Amino acid sequence: MPLDQRTTLTQFLIEQRRRFPSASGDFNALVLDVALACKAIARSVAFGALGGVLGAQQGSINVQGEEQKKLDVISNELFVRANEWGGHLAGMASEEMDEPYNIPSRYPRGKYLLVFDPLDGSSNIDVNVSVGSIFSILRAPQEVIDSGRDVVAADFLQPGCQQLAAGYALYGPSTMLVLTVGTGVHGFTLDPNLGEFFLSHPDIRVPADTQEFAINASNSRFWEPPVKRYVDECLAGKTGPRGKDFNMRWIASMVAEAHRILMRGGVFLYPRDTKDPTKPGRLRLLYEANPIGFIMEQAGGRASTGREPILNVQPTSLHQRIGLVFGSKNEVERIERYHREPAPLKDDNPLFGERSLFRD
Ligand code: AFP
C-alpha cells in the first residue's frame, strides 16, 4: 500500500496540532516517544521464549505486592528510557515503581506528567495471550512547571477528567496503538516492516447496546448485590427480565477486553467487592481505570465505579485501587441504576432465590 494512502501516527498528530497554532509540538513529541516505547515492548514481547524474557523476575515484588515478570521490568525500563530525555516531562509514575520518577538532572524538564502501566495482563505473558501498555498524560501543576522542582505523588493526584490524552498499545496478533487526545478515539496498526503506526481505525465508536459481558465469575461470592443482580439477569437470558441471551468473555488482560469492547461493544466489570477489605477493587485508578475510562467516554461509551463516573473520582494515592465498570453506555447506566436502587428483596426476585446461578 503506497504511503500516501495511509496516515502515519506522526501525520495524524501534526494534523491535529494544526488546529492549535500556538502549540509548541512538545505534546506530539511526547506521544511519539510513548509510541516508540510501545514498539520496543512489542518487539520484546514478540520474541517470547526466544528472547529469554518469559517468567518471573527473581525475588522482585512490586508495590502492589505482586510478583514482577521479567517483561514487567523490561517494559518499565523501556518506557522510562524512551521518555525521560525529551524535555517534555516533569515526571512519571508507573505501576512498577513505588514512587514517582524524577527526570534526571542531565535532561531538561517539561510541562507534562506521564502515568503508565507498562505491561497490563502480564500474568498472561507465559501463556502467549494478548497483553498491552496503558498510558495517561496529565499537565503538571503550574508551580511544578515554574519551579522545575522534583515531582511528588500529590502532583499526580488529578481526577481523570483532567487527562490531556490517554491510550494503550495492544500486543496481540497485530500490534495496535489506540489513542485519544480528546477528539474521539483512533486506532493505529503497526506495520512491523516499516516500524510505523498507521491509522487503521479512525473514530472508533462503542455500540450503546450489547449482549456480551466480561467479569471474573470466580469472585461471585464477594460481589455486592447490584452486581449479582446484573449478572444473574444476564445469565437468565431470554427467559429472564432482560429477555435476551448474553455471551460472556474473560481474558484477564483488561487492555484486551477494552479493545474488544471498543471494536464490537460489551461491558467489563471488575467491581468493588468484599474479597479483601483492604482493597476497594482490583484495578488501579491512575494508570488503568482513568485512561481506559477517558477512551471509553471519547468513543461514546461510559466508565464508572458503579456509583459515579470514574473520571470524576478525586485520587487519594498513586497506586489507589478502584471498582471499575466500562463499555456500552446503556449497560453501564443500567449497572449504575442498580447501585442506586434498593436491592430487590430476595423473595421478590426468583433470580436471587434457590434458582440463582450465583448464589451466596
Ligand atoms: P496483571 O497485569 O497482574 O496480569 O493484572 C491484570 C489485571 O490488572 C487486568 O488487566 C485484568 O483485568 C485483571 O488484572 C485480571 O484479574 P483476575 O486475575 O482477578 O481475573
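Just so it is clear, the model here is predicted, and its values are computed rather than measured. These numbers come from the heavy atoms of this one structure, side chains and all, not from hydrogens, waters or symmetry mates.
Looking only at distances, a side-chain donor or acceptor of Lys39 sits under 3.5 Å from a matching main-chain atom of Gly195. Within the 3.5 Å criterion, the main-chain N or O of Ser130 finds a donor-acceptor partner in the side chain of Ser253. Listed for the Thr180 side chain is no donor-acceptor partner under 3.5 Å among the backbone atoms of Ala165. The main-chain N or O of Val73 is never found under 3.5 Å from a side-chain atom of Glu96 such that the two would form a donor-acceptor pair. Looking at Thr189, its side chain never comes within 3.5 Å of a backbone N or O of Phe198 through a donor-acceptor pair. In terms of modelled atom types and a separation under 3.5 Å, the side chain of Asn102 and the main chain of Val151 share a donor-acceptor contact.
Phe326 pairs in a ring pair (Phe, Tyr, Trp, His ring centres under 6.0 Å) with only one of the listed residues (Phe294, Tyr270, Phe268), which is Phe268.
Between Leu119 and Tyr171 the shortest side-chain heavy-atom distance falls below 4.5 Å. Side-chain contact between Val115 and Gln163: absent, with no pair of heavy atoms (C-beta onward) separated by less than 4.5 Å. When side chains are defined from C-beta on, Arg109 does not count as touching Leu89, because their heavy atoms never get closer than 4.5 Å. When side chains are defined from C-beta on, Glu308 counts as touching Val313, because their heavy atoms get closer than 4.5 Å. Val325 has its side chain out of reach of Thr305: every pair of non-hydrogen atoms, C-beta onward, lies at least 4.5 Å apart. Leu179 is listed as a side-chain neighbour of Leu9, based on a closest heavy-atom distance under 4.5 Å.
Neither Val152 nor Val80 shares a network with the other; the hydrophobic side chains, linked directly or stepwise wherever heavy atoms of I, L, V, M, F, W or Y lie under 4.5 Å apart, form separate groups for each. A single hydrophobic cluster is not seen to contain both Ile251 and Tyr168; linkage of ILVMFWY side chains at heavy-atom distances under 4.5 Å, directly or through other members, places them apart.
In this structure, a donor-acceptor pair under 3.5 Å is present between the side chains of Glu336 and Ser304.
Residues passing the ring pair (Phe, Tyr, Trp, His ring centres under 6.0 Å) test with Tyr112, sequence neighbours excluded: Phe27. Residues meeting the side-chain contact (heavy atoms from CB on, under 4.5 Å) test with Asp33, sequence neighbours left out: Asn83, Trp85, His88. Listed by chain and number, the residues in a side-chain contact (heavy atoms from CB on, under 4.5 Å) with Phe47 are Arg43 (sequence neighbours excluded).
The environment of NZ in Lys244 is crowded: more than 12 heavy-atom neighbours from other residues, nucleotides or ligands sit within 6.0 Å. The environment of Asn128 atom CG is sparse: at most 12 non-hydrogen atoms of other residues, nucleotides or ligands sit within 6.0 angstrom.
A distance of 4.0 Å separates CG in Leu30 from CD1 in Ile137, rounded to the nearest 0.5 Å.
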Worksheet entry | side chain to side chain donor-acceptor pair (under 3.5 Å) evaluation trace for Asn76 with Ser94 | CA-CA 8 Å; Asn76 192 65; Ser94 159; 2.6 Å; yes
